[in-house]
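I have placed the structure first, in the form of structure tokens, so that the comments after it can refer back to it.
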Amino acid sequence: MKKWIIALLFGSCGFAAGIQDEPRQIRVSLQFIEVAHTSLTEMLAQKDQSGPALHAKAMSLSKKGQAKILESCMLVCKAGQKATIESIQEVIFPTDYLPSGLPTNLPNEGNPTNLVVRRVAAFEPRNTGVTFEVEPYMASHGMIDLRLSPEIVKQLRLETWMEHIDQWGDATYRLPVFESFRIQSKITVAPGKFEFVSALTPKMNTQGPVVTRKILVFVRADLLPVA
């Protein structure tokens, strides 16, 4: 009887150790919050400049209508594995309206000696929206290492490169103008606490050195219990 009890205890300990050796599940949350440039300056001048304090201040400004939450992303993955989420819309636009073509000996208007040049426009796709790639690792002392690659892309407008009228009507050449916010970073965070990653500067419609807005990026990683 004692042997069975000892075997059962050793088996239970081995099972528990096996569960602890399994890759941990980590939930990573990312937030983009737009604030005034003056607000960011005041936040960085306060005594407590930790990630949780800055995030709490940004959320307080949001509730007062003085800041705007632009985007929130969240995904769950195992430690040591790469995970990606995409919330995108593909925009296909021409990049070359008159690329060089190859002449052929096809007859044109009954003249077999007339060369016909075939010209086909070249196109390129661009993903607009949100792409978030993360790779978390368990660090020492219960901390979490994160490799982050978030990106936000939006189409601002169409710019006219050349006005043109052909036999079918308006054939003006217009190309899209995109704005992108991209971060590539490796940081170490404490579980369950927001960390301040970066401050991005959106471009103004008018040219000039004046900056009125900033986009603050915060990240948080949580260890999820394993059933």
Side-chain angles (χ1 to χ4, degrees), residues 23-89 127-156 178-204 210-225:
R24 306 291 294 275
Q25 289 197 138
I26 300 176
R27 179 175 58 210
V28 183
S29 304
L30 194 73
Q31 293 183 357
F32 292 80
I33 304 177
E34 182 182 271
V35 302
H37 192 188
T38 54
S39 298
L40 174 61
T41 304
E42 295 173 357
M43 292 168 61
L44 295 180
Q46 65 186 14
K47 185 176 181 179
D48 189 356
Q49 299 182 18
S50 63
L54 295 177
H55 180 262
K57 180 62 176 179
M59 294 301 295
S60 176
L61 293 175
S62 169
K63 294 178 181 179
K64 297 177 182 178
Q66 301 175 4
K68 182 180 180 182
I69 301 177
L70 298 180
E71 184 63 52
S72 297
C73 306
M74 188 275 293
L75 57 80
V76 177
C77 61
K78 289 186 177 182
Q81 297 185 0
K82 183 187 299 184
T84 304
I85 59 173
E86 292 183 343
S87 180
I88 60 176
Q89 181 180 20
N127 291 335
T128 60
V130 181
T131 302
F132 179 32
E133 181 180 291
V134 63
E135 193 170 353
Y137 293 92
M138 293 302 302
S140 59
H141 306 292
M143 305 292 281
I144 301 175
D145 290 337
L146 296 176
R147 188 187 64 81
L148 303 171
S149 297
E151 182 180 19
I152 296 180
V153 180
K154 60 181 179 179
Q155 180 180 339
L156 296 180
F178 298 96
E179 182 180 43
S180 64
F181 307 118
R182 184 184 301 110
I183 299 173
Q184 290 186 350
S185 178
K186 295 180 180 179
I187 62 174
T188 301
V189 300
K193 295 182 179 181
F194 276 99
E195 185 56 63
F196 183 34
V197 180
S198 176
L200 302 170
T201 304
K203 298 301 180 182
M204 299 179 62
V210 179
V211 177
T212 60
R213 299 179 300 151
K214 288 288 185 176
I215 298 177
L216 311 184
V217 183
F218 294 93
V219 69
R220 171 175 170 170
D222 295 278
L223 291 174
L224 301 183

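Because the structure is predicted, anything quoted here is derived from the model rather than measured. Hydrogens, waters and symmetry mates are skipped; everything else that's a heavy atom, side chains included, is used.
Counting only heavy atoms from C-beta outward, the side chains of I183 and L148 never approach each other to under 4.5 Å. Looking at S87 and F132, their side chains never come closer than 4.5 Å, going by heavy atoms from C-beta outward. With a 4.5 Å cut-off on side-chain heavy atoms, I187 and V219 count as touching. Contact annotation: the side chain of L200 approaches that of F32 to within less than 4.5 Å [non-hydrogen atoms, C-beta and beyond]. Here the side chains of I88 and T128 are not in contact, with every heavy-atom distance at 4.5 Å or above. N127 is not listed as a side-chain neighbour of V153, based on a closest heavy-atom distance of 4.5 Å or more. Counting heavy atoms from C-beta on, the side chains of I33 and V35 come closer than 4.5 Å.
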Take L223 and I26, measure what side chain to side chain contact (heavy atoms under 4.5 Å, CB included) needs, and give me the verdict at the end. CA-CA 5 Å; L223 291 174; I26 300 176; 3.8 Å; yes
The test is side chain to side chain contact (heavy atoms under 4.5 Å, CB included); show your working for R147 and K82 and say whether it passes. CA-CA 9 Å; R147 188 187 64 81; K82 183 187 299 184; 3.4 Å; yes
Start with the C-alpha distance between V189 and F194, add both sets of side-chain angles, then the distance that settles side chain to side chain contact (heavy atoms under 4.5 Å, CB included), and finish with yes or no. CA-CA 8 Å; V189 300; F194 276 99; over 6 Å; no
Enumerate, atom names and distances included, each donor-acceptor pair closer than 3.5 Å involving a side-chain atom of residues 56-77, sequence neighbours excluded.
none

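The line from CE of M138 to CZ of R24 is 5.5 Å long, rounded to the nearest 0.5 Å. The distance from the CD1 atom of I144 to the OH atom of Y137 is 13.5 Å, given to the nearest 0.5 Å. Note that CG of D222 is 12.0 Å distant from NZ of K193, once rounded to the nearest 0.5 Å. Atoms CD and OG, from E34 and S39 in turn, are 11.0 Å apart once rounded to the nearest 0.5 Å. Taking CD of E135 as the start and CD of Q81 as the end, the distance is 9.0 Å to the nearest 0.5 Å.
Taking all atoms of both residues into account, the shortest heavy-atom contact from T84 to E133 is OG1-CG, 3.5 Å. Minimum heavy-atom separation, P191 to M143: CD-CA, 4.4 Å. Taking each heavy atom of V211 and K214 in turn, the nearest pair found is CG1-CE, 4.0 Å.
For Q89, the CD atom is loosely surrounded, since the number of other residues' heavy atoms within 6.0 Å does not exceed 12.
Between the side chain of Q49 and the backbone N or O of L44, at least one donor-acceptor pair lies under 3.5 Å.
The aromatic rings of F218 and H55 stand perpendicular to each other, their planes meeting at an angle above 60°, with 30° marking the opposite boundary.
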